[in-house]
Amino acid sequence: MDRNVPFPVIAVVGLGTMGTGIAEVLARAGREVIGIDVSEAAAAQAVGALERSTARAVERERLTDAERRDVLTRFRTYSDIQAAADADLVIEVVPESEELKREVFAALDRVLRPEAIVATGTNALSVTRLAADSAHPERVLGLHFFNPAPAMKLVEVVSSVLTDPQAVQSVTALARELGKEPVAVGDRPGFVADGLLFGYLNQAAAMYESKYATREDIDAAMRLGCGLPMGPLALLDLIGVDTARTVLEAMYKASRDRLHAPAPILGHLSAAGLTGRKAGRGFYTYEAPGSPTVVDDAETPAQHSGGAQAREVRSVGIAGSGTMASGIAEVFAKGGYDVVLAARSLEKAESAKARIAKSLQRSVDKGRMSAAARETALERISPVGSLDGLAEADLAVEAVAEDLAVKQQLFATLDKICKPGAVLATTTSSLPVIACARATSRPQDVIGMHFFNPAPAMKLVEIVRTVLTADDVHATVREVTGKLRKHPVDCGDRAGFIVNALLFPYLNNAVKMVQEHYATPDAIDAAMKLGGGYPMGPFELLDVVGLDVSLAIERVLHREFRDPGLAPAPLLEHLVAAGCLGRKTGRGFREYAKR
């Protein structure tokens, strides 16, 4: 044993999935690891899991046989807390029960040396309260690993007002040595990553419970629309519905924010024992308890067939010449449709077609399409300088500025120009589709078709029905979306639809964290990328989207749902008022080099 390395002997109390993963990380980093669990079966499972994971590492040539033997030798398991007496650091990861954790801390006080550090792995309970009950509160901190611990890079290091700064420094250094990215945070339920993640998961559960959208569509929308590794309901099943409810109860107790009040369905599922993958059933049904394989159940949607007959669509009209209009026109042309691209002038329409030509050429250069396919797609696009060119379109798609008055005027014009039976679609991301529909004499023909930017690359299309949309119009747009090789999700006509209604409250809550000086934008971005698997941190995303655009969407959500928790963070409003709108102005939450 090398006493010159920091924390040469570390005890892990609680050998569930998380404790076992942490023990593996420590043993492979050269530490003597004392695994403690009252259940002999849990201890045996932990040893077996370490044997299997190190055997895989040898097969992949990441460990030698000798190194594997050393790792296995360094991990010993016990059922008595007395075994922790020689530990320099104890990491507690027993179930999320304050009473149970207090019992563990009291037992550790009786056996540990005064200089030993005690870290709790909680993400829902107060580190300060646990420390206050300890004989040595100065040595207590939080050390929150993410599951699976060997793979996930993020570790949140949580200090209370009682924690010795030296203890924080020492544990932070250890985390870095383990190859992790430590983020320093203060003591509040959920800390950074889970504090943002669980509010979003809770809203997704409430959205499903209200029958606004199916579980499959909610999950697909967030995966395809935001690039997330898992949809929120599948993630709740993985985390455990009961665990999520416990975390949210703690968050609500601290914040009194209704967005953190657990959705009733979480309590109902928990009470029924439908706690997710571990039980074999939660929001989804699984092949067996613990299995990741989803199987069909009573809620699995039938394939869309046998319903209303779709209208024939051969030609498509696009109203607009901006980035979204150009991208959507490209998508339809590549999908085999004849496209009329109508702008306020022929020059603008031709300029939009030129951008499409460049975009298609990039696809050719990257080997994603042939030069012949590029030419064929371009030939399908006819630029015109007037909406009159959309007279014979079977489907007219509006893609102009996100201004309700502008869109209503456009739809009133389309109503006069387009032939009877044409489907009229708006690409709005935040405005009421019904308001566009009522600007026409045929609201039954109007539907939302929300593409995501960049339209050629993003697979998701939110199909938004109003209370007046005809069934055959809905069937038509679903069929067309499928032919475009996009993934359609159905939702009703309310602010934010699926993606923005879940995404922007999460972004707003991140701004509130910075506003309250709880964490920095850099720390929060790192936490969400490393701990949540997000492709971009919230502040990176806000600066890309534009703070003014984000503020406008948040105001729409707040106005629609009247929830105080959805009120835009004052810091966001102040930055927008100051002209700090993100990358497009060179400054938002960060500063950018001028182009």
Side-chain angles (χ1 to χ4, degrees), residues 1 3 6-27 31-47 49-50 74-145 149 155-164 166-168 170-171 174-175 187 189 191 243 246-247 250:
M1 185 191 313
R3 280 284 174 187
F7 306 115
V9 180
I10 300 176
V12 177
V13 182
L15 294 176
T17 302
M18 183 60 76
T20 299
I22 294 170
E24 177 181 341
V25 171
L26 295 169
R31 270 38 181 205
E32 298 290 332
V33 182
I34 300 166
I36 302 172
D37 200 297
V38 293
S39 167
E40 291 184 3
Q45 286 176 351
V47 172
L50 185 59
R74 285 194 290 269
F75 181 49
R76 293 160 288 144
T77 62
Y78 303 86
S79 59
D80 190 341
I81 201 78
Q82 183 67 40
D86 292 333
D88 305 292
L89 167 67
V90 178
I91 303 174
E92 167 276 307
V93 276
V94 301
E96 287 289 84
S97 161
E98 189 166 325
E99 182 180 354
L100 178 57
K101 290 183 185 290
R102 281 176 170 166
E103 289 175 5
V104 170
F105 273 60
L108 291 171
D109 280 339
R110 292 192 289 271
V111 302
L112 290 179
R113 303 188 312 275
E115 64 272 19
I117 294 175
V118 180
T120 174
T122 185
N123 68 334
L125 302 176
S126 168
V127 176
T128 306
R129 281 202 297 271
L130 293 173
D133 288 340
S134 168
H136 297 280
E138 73 285 350
R139 71 180 180 183
V140 177
L141 47 75
L143 193 58
H144 180 215
F145 287 80
V155 175
E156 290 175 318
V157 181
V158 189
S159 57
S160 77
V161 292
L162 304 171
T163 309
D164 181 350
Q166 184 57 52
V168 175
S170 299
V171 170
L174 171 68
D187 180 25
F191 312 131
T243 300
T246 298
V247 174

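Position 1 is the first residue of the sequence, and the numbers go up from there.
Heavy-atom minimum distance, G35 versus L15: C-CD1, 3.8 Å. Of all heavy-atom pairs spanning L143 and A119, the tightest one is CB-CB, 3.7 Å. Between A84 and V90, the closest heavy-atom pair is CB-CG2, 4.4 Å.
Test I22, V9, L26, I91 against V33 for side-chain contact (heavy atoms from CB on, under 4.5 Å) and you get one pass: L26.
Annotation: side chain of R76 is in contact with side chain of E32 (closest heavy-atom distance under 4.5 Å). For the pair R31 and L174, the minimum side-chain heavy-atom distance is below 4.5 Å. Counting heavy atoms from C-beta outward, I117 and F7 have side chains that approach closer than 4.5 Å. Looking only at side-chain heavy atoms (C-beta outward), V247 and P189 stay at 4.5 Å or farther from each other.
In this structure a side-chain-to-backbone donor-acceptor pair under 3.5 Å is missing from T20 to T17.
Residues T77 and D37 have side chains that never bring a donor and an acceptor to within less than 3.5 angstrom of each other. Using modelled atom types, one finds no donor on one side chain facing an acceptor on the other under 3.5 Å when comparing D187 with S159. In summary, the side chains of T243 and T246 do not present any donor paired with an acceptor at a separation below 3.5 Å, with no hydrogens or angles considered.
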K101/E96 under salt bridge (Lys or Arg N to Asp or Glu O under 4.0 Å): CA gap, chis, key distance, verdict: CA-CA 8 Å; K101 290 183 185 290; E96 287 289 84; 3.2 Å; yes
